[in-house]
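Quick notes on the structure that follows.
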Amino acid sequence: MPDTITRRRFVRTAAGAAGVLLGGRLVELDALGRPRLPQPSERAWRALARDLDGRLVRPGDRDFARLRLPWNRRYADPPPMGIVRCATERDVQRALRWARDRRLPLAARSGGHSYAGFSTTPGLLIDLGGMHRVDVDDATGTLTCDPGARNTMIYAALQPHEVGISAGRCPTVAVAGLTLGGGFGFSSRRLGLTCDALEAARIVTADGEVRTCSATENPDLFWALRGGGGGNVGIVTQLRFRTSPLGDVALYDLAWDARHAPAVMAALQEMVRAAPDRLSCRMGMGSDGRAATVTALGQLFGPVEELRTLLEPVLATARPARQLIAQRTFWQAKEHFFHSTPVDRFAVRSAFVTEPLPEAAFDAIARGVARYPGSRNRDGGGVALFAWGGAIGRVPVDATAFVHRDAVWLMALDASWTGRDTRRTVRRNLDWLARLDDEVRPFASSQAYQNFPDRSLKDWRTAYYGTAYPRLRAIKRAVDPDGVFAFPQAV
């Protein structure tokens, strides 16, 4: 939960009572270690509601139970005191100032997909999900969108123009969070990351003012917004991207029995190493606790005959149990790739791989996934490897706040469960994930993906931001000196 006490925020008051820094102020803790939050009066809440173009949703109101939930139900409690459903940029300013003036913790949410639950708060939740306008300008070749626009909305607006950006696979992820942490998808090796296409943005900073950011206006903030993570320096209210022309693609969707895992994954790695940047690949191994499967998924900007040639060594390694290799439009492929995962309650750990993985790494993955203990969640647990490189690596490491430019793979490990699972099942899932992480970590770097935040990560500053962290910290101090934007892994 966003108010979880971390070592760097745990302090003691002058009187000796334990306290925690939340929303830029020292908050005392009760006997159970819970923050004693300010309690705005009903009159103050009514005044806020009257001042909005959108609406204020409080506990007991229609839709509150639904709107309060983050994507990762693991962090559903405690609920916020109130939710501002922003309709305009002015709503964002009003809500931020209202919470700041009352020293109430706040969090901004565009899609709510923060893996670590950082887009919820026990204070005021500023929800931008209803701000989702998308416009495409053929004359300038740009896409302008509100922060709450989902991947489905972005693609729908781009399709008539046959242009695109590197958007993600999950249909309900919103563009602001995707961009601020980097953002990748099945087009990234050709088009770069989502943040690499960002040309300008509007942001409400801690003082409640709106700033326009670009290469020439507030360039430090613009640098920070491209990979500096969501919720650190302000609340983004608009983004403008450079688009790229698209063509037809050839897609592949393959699955094998688990016994072929090491050999198939090694062959897929060799395929990617030899392939042009026009090829994408997501390979992985997953289990529901009963059976494990090896999968490979991706697309080639090019003809299906070329894709078949690239896949020949992989298919010769082992016969797939499921096989689809076909020519599609980019938009048909996008529909095929759409998938929401993980869901319900889950934990994710990530690492960037900077050297080709040895056979021992694939053996470790196969052994580890085979041990998955199971849960009631259909997603189960597993390991995914996303091919990096191409256009991602051609951006200088200091050009943006996203420093993971030299990787060859992004590795993600996850375990999932439901609210119906027992505490023992949850513990077994978390223990399994920790052990698997220990076993594969020697094959990866110490860096992790900031859009897959992990509360168990000790040196998250270096893992997420590397050499960019000192500059990020300086920018944070300049625009948010009082720490209004605060959560356990806030810059």
- Item | Validation row: Trp409, Phe352 side chains within 4.5 angstrom (heavy atoms) | no
- pair Thr400-Arg405: side-chain heavy atoms closer than 4.5 Å: yes
- Quick one: CZ on Phe186 to CZ on Arg282, what's the gap to the nearest 0.5 Å? 7.5 Å
- So do the side chains of Leu104 and Met81 get within less than 4.5 Å of each other, counting heavy atoms only? yes
- Residues Val134, Val175; criterion side chain to side chain contact (heavy atoms under 4.5 Å, CB included); working and verdict: CA-CA 11 Å; Val134 183; Val175 68; over 6 Å; no
- Message: Under a 3.5 Å distance rule, please check whether Thr212 uses its side chain to pair with a backbone N or O of Arg202 as donor and acceptor.
- Response: no
- Would you say Asp135's side chain and Thr144's backbone share a donor-acceptor pair under 3.5 angstrom? no
- Message: Could you check whether any side-chain N or O of Trp223 sits under 3.5 Å from a backbone N or O of Asn218, counting only pairs where one atom can act as donor and the other as acceptor?
- Response: no
- Query: Just how far is it from atom CG of Asn451 to atom CZ of Phe402, taken to the nearest 0.5 Å?
  - Reply: 8.0 Å
- Message: What I'd like to find out is whether the side chain of Val353 reaches to under 4.5 Å of the side chain of Leu410, using heavy atoms alone.
- Response: no
- Query: Is a donor on one side and an acceptor on the other found under 3.5 Å between the side chain of Arg240 and the backbone of Leu143?
  - Reply: no
- Message: Tyr155 vs Phe338, test: ring pair (Phe, Tyr, Trp, His ring centres under 6.0 Å). Steps then yes/no.
- Response: CA-CA 11 Å; Tyr155 283 121; Phe338 265 166; 5.8 Å; yes
- Message: Glu439: which residues meet the side-chain contact (heavy atoms from CB on, under 4.5 Å) condition with it, sequence neighbours left out?
- Response: Arg371, Arg435, Leu436
- Message: Quick one: does any side-chain atom of Thr425 pair with a main-chain N or O of Asp421 as donor and acceptor, under 3.5 Å?
- Response: no
- Is NZ or CZ of Arg226 both nearer than 6.0 Å to the six-membered ring centre of Phe222 and within 45° of the ring axis? yes
- Item | Heavy-atom side-chain contact between Cys145 and Phe241 under 4.5 Å | yes
- Message: Ring of Phe301, cation from Arg190 - is the NZ or CZ under 6.0 Å from the centre and inside 45° of the axis?
- Response: yes
- So which of Leu96, Val233, Leu221, Asp480 actually passes side-chain contact (heavy atoms from CB on, under 4.5 Å) with Thr205? Leu221
- Tell me the side-chain hydrogen bond (donor to acceptor under 3.5 Å, both in side chains) pairs involving residues 106-117, sequence neighbours left out? His113-Thr172
- Query: Is it true that Asp437 and Arg441 make a salt bridge, defined as a side-chain N closer than 4.0 Å to a carboxylate O?
  - Reply: yes
- Message: So does Gly466 get a backbone contact from the side chain of Gln447, meaning a donor-acceptor N/O pair under 3.5 Å?
- Response: no
- Task: Tell me whether the guanidinium CZ or amine NZ of Arg189 lies under 6.0 angstrom from the six-membered ring centre of Trp388 and within 45° of its axis.
- Result: no
- N/O donor-acceptor pair under 3.5 Å between Ser166 side chain and Thr194 backbone: no
- For Val426, does its backbone N or O pair with a side-chain atom of Asn429 as donor and acceptor, under 3.5 Å? no
- Query: Do Asp127 and Val84 touch side chain to side chain, with heavy atoms closer than 4.5 Å?
  - Reply: no
- Begin from the C-alpha positions of Trp432 and Tyr372 and carry the test ring pair (Phe, Tyr, Trp, His ring centres under 6.0 Å) through to its verdict. CA-CA 7 Å; Trp432 170 83; Tyr372 177 67; 5.0 Å; yes
- Query: In terms of the angle between their ring planes, are Tyr464 and Trp460 parallel, tilted or perpendicular, with boundaries placed at 30° and 60°?
  - Reply: tilted
For residues 379-386, dump all side-chain donor-acceptor pairs below 3.5 Å to protein atoms at least two apart in sequence or in another chain.
from   : atom 1 : to     : atom 2 : distance (Å)
Asp379 : OD2    : Thr341 : OG1    : 3.1
Asp379 : OD2    : Val343 : N      : 3.3

- Message: If you define the side chain from C-beta out and look only at heavy atoms, does anything of Leu246 sit under 4.5 Å from Leu191?
- Response: yes
- Task: Ignoring hydrogens and angles, tell me if any N or O in the side chain of Arg73 forms a donor-acceptor pair with the backbone of Leu69 under 3.5 Å.
- Result: no
- Query: For the atom pair CD1 (Ile203) and OG1 (Thr237), what is the distance rounded to the nearest 0.5 Å?
  - Reply: 8.0 Å
- Query: Does NZ or CZ of Arg345 come closer than 6.0 Å to the centre of the six-membered ring of Tyr75, within 45° of the ring's axis?
  - Reply: no
- Item | Side-chain heavy-atom pair Thr142, Glu199 within 4.5 angstrom cut-off | yes
- Query: Could you go step by step and tell me if Asn232 and Gln450 meet the side chain to side chain contact (heavy atoms under 4.5 Å, CB included) rule?
  - Reply: CA-CA 12 Å; Asn232 277 317; Gln450 51 265 50; over 6 Å; no
